[in-house]
Protein chains: 2
Amino acid sequence: MGLKTTPTPAIPRTTSRDALLIDGSDAEFRKLVHGLLALSTRHEALRDGHGARIGLAGPAYTILISVRDLAAQGPITVSGVAEHLKVSGAFITAETNKLETRGLVTKTRHPEDGRRVLLSVTEAGRALLADLAPVQTILNDVEFGPLTRAEFRTMLRVIERLIPAADRALELQAAMAAGDARGVA
Amino acid sequence: MGLKTTPTPAIPRTTSRDALLIDGSDAEFRKLVHGLLALSTRHEALRDGHGARIGLAGPAYTILISVRDLAAQGPITVSGVAEHLKVSGAFITAETNKLETRGLVTKTRHPEDGRRVLLSVTEAGRALLADLAPVQTILNDVEFGPLTRAEFRTMLRVIERLIPAADRALELQAAMAAGDARGVA
DNA sequence: CCGTATTAGCGAAGTAAGTTAGACATTATC
DNA sequence: GATAATGTCTAACTTACTTCGCTAATACGG
């Protein structure tokens, strides 16, 4: 000792929850955050490939499948998709218009609220997605191959609780940013 | 019966693994995939906010923190970061040049391979990230608040296995796309 | 009711986040 | 020692978005 090899400067903690600290360190937690990022970038790359196979860009594919799956559990509007994907409504408008032109989705007025526009996937859209399904199955089996049934259940349960928590964090972040802006002004 | 209410057209399966099917349906599995997407979009939005707080765009922030954390476990190069984040090397070059101009990272020649460029985060860069840490802690505690210690461990273990699996899926996807291209030609 | 404020969607225009292509220097291969 | 391959960089381009301003429809306070 006495000789500095590589100082490895201290990295400050980014969580204070006991459940997420191991021996008082958040190293494992940061690994989780990092892993989550790595996984989502890879998943997005796969998504781009899925889209490409049916002639859609990644975002268009994501929107199409989101409309299909969200519509399955209740009426879904332009702004509903926007909020779900955390993008601007204008973007969903533009993309769904293109998808409508291609005959993959339909846009209809909401019967009770004329401002809103209901989205749904056409038969052609469903057929397109159905074409993709066999390939998707092969790739999903590889991508999620290491997942046991128990882990699958845990992941599902966890993620469903994590989404609203992330939304709360987003609200808090917005509130803090707004507070800072006021404080500076 | 006999009266069609809403036909609810069949959605084809996208996995064939028993562990991921519940009563023969992949509905829960698709929920997982969807949830993963929803979570990652929210996480990315939070990341943008973190970046904004220290004057960086989301991607620049992500690259900075990736360099710091990857460098902690061994030498890291431009292409190393590119592969980790699944973006082009050229993009990492451009962004790290900006970060270098701002004095947040340094780029040095690899001593044994003159083509490669080693990246590291400067003291100023570390200080900037350290400034952010307290706010990050607050938000992470909210975002990951619902996570128990057991779930945390499971998630970590699962994600670390899922990343290489996703990489294998990507390779397979690329191979299939290439095969199709040849087949068509 | 009636004005006013909100909310939903749209289109145009701009910005940022990437990509591809090509040049160049360095290293590996034969 | 030539040829190929790898790693980085720059420039030019594309795509994935956002913001802004508009119109139409609903909601709300007097």
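We use all heavy atoms of the structure for the numbers below, so side chains are in, but hydrogens, waters and symmetry mates are not. In what follows, chains are A, B, ... by sequence order, proteins preceding strands, each numbered from 1.
Remark: side-chain polar atoms of A/R13 are paired, donor with acceptor, to backbone N or O of A/G24 under 3.5 angstrom.
Cluster partners of B/L170 are A/L46, counting Ile, Leu, Val, Met, Phe, Trp and Tyr whose side-chain heavy atoms approach within less than 4.5 Å, directly or via other members. In the hydrophobic clustering (ILVMFWY side chains linked at under 4.5 Å, chained through shared members), B/L118 stands by itself.
Between the side chains of A/T122 and A/T106, not a single donor N or O lies within less than 3.5 Å of an accepting N or O.
By the side chain to side chain donor-acceptor pair (under 3.5 Å) test, A/E95 pairs with A/K98, sequence neighbours left out. A/H34 meets the ring pair (Phe, Tyr, Trp, His ring centres under 6.0 Å) test with B/H84; sequence neighbours excluded. With sequence neighbours excluded, the residues satisfying side chain to side chain donor-acceptor pair (under 3.5 Å) with B/S79 are B/T77.
A 4.0 Å heavy-atom criterion places the boundary nucleotides of DNA chain C facing chain B at C/dA17 to C/dT27, written 5' to 3'. Here the range on DNA chain D touched by chain A, meaning any atom under 4.0 Å from one of its heavy atoms, is D/dA16 to D/dT26.
Of the inter-residue distances, the one linking A/I138 atom CD1 with B/S16 atom OG reads 8.5 Å to the nearest 0.5 angstrom.
A salt bridge links B/K31 with B/E28; the closest basic N to acidic carboxylate O contact falls under 4.0 Å. Using a 4.0 Å cut-off between charged nitrogen and carboxylate oxygen, A/R17 and A/D26 do not count as a salt-bridge pair. The residues B/E151 and A/R157 are annotated as salt-bridged, a charged nitrogen and a carboxylate oxygen being separated by less than 4.0 angstrom.
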Under 3.5 Å donor-acceptor pairs involving side-chain atoms of residues 54-69 of chain B, not counting sequence neighbours:
unit_1: B/Y61; atom_1: OH; unit_2: B/Q136; atom_2: NE2; d: 2.7
unit_1: B/T62; atom_1: OG1; unit_2: B/G58; atom_2: O; d: 3.1
unit_1: B/S66; atom_1: OG; unit_2: B/T62; atom_2: O; d: 2.7
unit_1: B/D69; atom_1: OD1; unit_2: A/R30; atom_2: NH1; d: 3.4
unit_1: B/D69; atom_1: OD2; unit_2: A/R30; atom_2: NH1; d: 3.4

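Near DNA chain D, meaning a heavy atom under 4.0 Å away, the residues from residues 110-117 of chain A are A/E112, A/D113, A/G114, A/R115. Non-hydrogen atoms lying under 4.0 Å from DNA chain C are contributed by B/A57, B/P59, all within residues 38-69 of chain B. Contacts between residues 86-105 of chain B and DNA chain C, counted as heavy-atom distances below 4.0 Å, involve B/V87, B/S88, B/A90, B/F91.
Within 6.0 Å of CD on B/E44 lie no more than 12 heavy atoms contributed by other residues, nucleotides or ligands.
Applying the ring pair (Phe, Tyr, Trp, His ring centres under 6.0 Å) test to residues at least two apart or on different chains, none of the pairs has a partner in residues 91-118 of chain B.
Note on ring orientation: taking the six-membered ring where Trp is involved, the planes of A/F152 and B/F29 are tilted (angle from 30° to 60°).
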